[in-house]
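Since the structure is predicted, the reported quantities are computational estimates derived from the model, not experimental observations.
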Protein chains: 2
Amino acid sequence: MDGNKNSVIRLLKYKTILLRFRILGFKRVFSENLADAAGFNSTQVRKDFSLFGISGYRRGGYQIDELLCKLNSILGKDVLQKAVIVGAGHIGTALMKYKSFESEGIQITAAFDVDPEKINREGNIPVYPFDELKDFVRNNNIKIGILAVTEVFAQEVFDTMVSAGIKGVLNFAPFKLKGSSETFINNVDLLGELEKVIYFVKSAESRLKGSK
Amino acid sequence: MDGNKNSVIRLLKYKTILLRFRILGFKRVFSENLADAAGFNSTQVRKDFSLFGISGYRRGGYQIDELLCKLNSILGKDVLQKAVIVGAGHIGTALMKYKSFESEGIQITAAFDVDPEKINREGNIPVYPFDELKDFVRNNNIKIGILAVTEVFAQEVFDTMVSAGIKGVLNFAPFKLKGSSETFINNVDLLGELEKVIYFVKSAESRLKGSK
DNA sequence: TAGATTGTTAATCGATTAACAATC
DNA sequence: TAGATTGTTAATCGATTAACAATC
């Protein structure tokens, strides 16, 4: 029904590309154009559309406006999305200031931290004590949370978030959170991603040396 | 030969877990223990080891010290890894201060930016003008780079990094970099990851509403 | 019509998991 | 020995890609 996880990310990418195409004055695209811009192949593009019931015009490609309209209704980006950040450390703070969120209609409404020094109620994006998380999330009906605390507190903080009503978490702590199937967890492991790069560079190096 | 991409990440995770187990005084583990701690299943663990030629003792599990030794030699984490960050914006700065890198033997030796205001040659991790990137990377024989500039400059900056000798890039710009097969590129799309969370929360919501 | 492009079915590829034989 | 755990082969699952019929 809703395709697979990866296709959603690709759909989001198509949307970004289409917006750019439209600015350039294009009225329609072919799957081939989209594929080129996104770095996939055209079958992938058509398959993704097919999965979500999006259709174009045989020989005529896709009307950009029509396609954007359909993508928006699928991705639900018409409404402003509110999210909170828990943990106002380096990563948390960087994400508070991350421009791309805002420009894509995602509003970071507040951040939370246990450290009294981090509290700043008057900021552009206010930082409140962690104690206030539960009430804030409930009162503002927030569903999305970004978890940027250290590993040690991750599970505890996560449980609090869930009990307050958070339904989806982007987790930066290098820890496998235990949650029910009702909460969607997406893990970003920055250290792991960097270590992957290091590993592949090293293994390429040693392959080279080995073949000498 | 070197397994698949995901298995490397898992290997890194096993290592972290083993170090923790060792601190707790354990001498050996079973694949089941590792799987529990990592959130995989025990077949996955054994398969990963098998892929890299790591063997244990039937009925006896794995000697932690021996296993760590093998993992270290495969992952090559014995040597200190040096890396540079290009782009001292919010994300770049957060990564400069990211503790987990250091504790895993990854040293961020310098950052680079075009903005004169960001330059700080005396910092704990110095920030140099972008112009000096090429010489620095060459002189210090750096192979790993973190790309944290805006989309618009991403390709240009990437090309400079590669021509300076960078062999692996962790890319935070939401842009499909074009590079040769000699350079390993790992993309981290923070906006995309958050949008994925939003999408799945929304679709779960509408499923609930639909079934009411 | 002829040609181009979509939309879908089938084939392929890769990764995970199940099953189980080997063996300590 | 009996029981437990590894290590590997085969089955499964899911996602991508190729092939091609439909059709504008």
Side-chain angles (χ1 to χ4, degrees), chain A residues 1-14 17-18 21 26-64 66-68 70-71 74 176 186-187 189 192 196 199-200, chain B residues 1-14 17-18 21 26-64 66-68 70-71 74 176 186-187 189 192 196 199-200:
Chain A
M1 174 93 274
D2 52 26
N4 59 52
K5 282 191 187 187
N6 298 344
S7 64
V8 176
I9 305 201
R10 285 194 300 266
L11 248 44
L12 291 159
K13 196 161 277 179
Y14 299 146
I17 292 165
L18 286 167
F21 278 172
F26 291 102
K27 295 293 173 206
R28 60 176 198 179
V29 282
F30 300 114
S31 57
E32 191 68 34
N33 308 138
L34 270 172
D36 277 352
F40 313 136
N41 74 34
S42 62
T43 306
Q44 181 77 273
V45 174
R46 294 197 300 278
K47 181 78 178 182
D48 286 337
F49 288 170
S50 156
L51 239 43
F52 287 88
I54 294 173
S55 58
Y57 304 93
R58 286 178 204 253
R59 269 219 65 194
Y62 305 82
Q63 282 289 127
I64 290 182
E66 199 186 322
L67 189 48
L68 274 169
K70 286 177 185 170
L71 285 173
I74 290 164
K176 193 99 180 181
N186 190 8
N187 298 298
D189 177 2
K196 189 157 60 152
Y199 174 78
F200 281 102
Chain B
M1 174 94 274
D2 51 25
N4 59 51
K5 283 190 186 187
N6 297 345
S7 63
V8 175
I9 306 200
R10 286 194 300 266
L11 249 44
L12 291 160
K13 196 160 277 177
Y14 300 146
I17 293 165
L18 287 167
F21 279 171
F26 293 102
K27 295 291 174 210
R28 60 175 196 180
V29 282
F30 301 114
S31 58
E32 191 68 34
N33 308 138
L34 270 172
D36 277 352
F40 312 137
N41 74 34
S42 63
T43 307
Q44 182 76 272
V45 174
R46 296 198 299 279
K47 181 77 180 183
D48 286 336
F49 288 170
S50 156
L51 238 42
F52 288 88
I54 294 174
S55 58
Y57 304 93
R58 285 176 205 255
R59 270 217 66 195
Y62 304 82
Q63 283 288 128
I64 289 183
E66 198 185 323
L67 188 49
L68 273 169
K70 286 176 185 170
L71 285 173
I74 289 164
K176 193 100 180 181
N186 190 8
N187 297 298
D189 177 3
K196 190 157 58 155
Y199 174 78
F200 281 102

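If you check every strand for non-hydrogen atoms under 4.0 Å, G60(B) touches nothing. Among the protein residues, R10(A) comes within range of the sugar-phosphate backbone only, with heavy atoms under 4.0 Å from sugar or phosphate atoms but none that close to a base. Contact annotation for S42(A): no contact, since no heavy-atom pair falls under 4.0 Å across all strands. As judged by a 4.0 angstrom heavy-atom cut-off over every strand, F49(A) is placed among residues making no nucleic acid contact. Here F40(A) lies out of heavy-atom contact (under 4.0 Å) with every strand.
In this structure, N6(A) places its CG atom 13 Å from P of dA15(C), rounding to the nearest Å. Between Y62(A) atom OH and dC24(D) atom C1' there is a gap of 14 Å when expressed in whole angstrom units. The distance between atom OH of Y57(B) and atom C1' of dA22(C), rounded to the nearest whole Å, is 17 Å. If you measure from atom CD of E32(B) to atom P of dT17(C), you get 13 Å, rounded to the nearest angstrom. What separates CG of L67(A) from C1' of dT5(C) is a distance of 15 Å, to the nearest Å. In this structure, N33(A) atom CG and dA4(C) atom P are separated by 15 Å, rounded to whole Å. For R28(A) and dC24(D), the CZ to C1' distance is 11 Å, given to the nearest whole Å. When the C1' atom of dT16(D) is taken as reference, atom CG of L51(A) falls 12 Å away, rounded to whole Å.
For the pair Q44(A) and R58(A), nearest-nucleotide mapping onto DNA chain D gives the more 5' position to Q44(A).
The side chain of S50(A) contributes no N or O atom lying less than 4.0 Å from OP1 or OP2 of dG7(C). Proximity of R46(A) to the phosphate of dT6(C): a side-chain N or O atom is located under 4.0 Å from OP1 or OP2.
Proximity of F40(A) to K47(A): side-chain heavy atoms (C-beta onward) are nowhere separated by under 4.5 Å. Using a 4.5 Å heavy-atom cutoff, the side chains of I9(B) and K13(B) are not in contact. With a 4.5 Å cut-off on side-chain heavy atoms, Q44(A) and F49(A) do not count as touching.
Of all heavy-atom pairs between A37(B) and F21(B), the closest is CB-CZ, 4.1 Å. Nearest heavy-atom pair across K196(A) and N186(B) is CE-ND2, 3.4 Å.
The nucleotide whose nearest atom lies closest to any side-chain atom of N41(A) is, among dA18(C), dT17(D), dT6(C), dT17(D). Side-chain proximity of T43(B) to dA18(C), dT9(D), dC24(C): nearest is dA18(C). Here the side chain of F30(B) is nearest to one of dT5(D), dG7(C), dA10(D), namely dT5(D).
A donor-acceptor pair is defined here as one N or O able to donate and one able to accept, closer than 3.5 Å; such a pair exists between the side chain of N33(A) and the backbone of F30(A). No donor-acceptor pair under 3.5 Å is formed between the side chain of D48(A) and the backbone N or O of V45(A). A distance-only check finds a donor-acceptor pair linking the side chain of K70(A) to the backbone of S55(A) [under 3.5 Å].
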Starting at the 5' end of DNA chain D, what dot-bracket string do you get if Watson-Crick and G-U pairs under 3.5 Å are bracketed, crossing pairs use [ ], other-strand pairs use | and unpaired bases use dots?
-> ..||||||||||||||||||||||
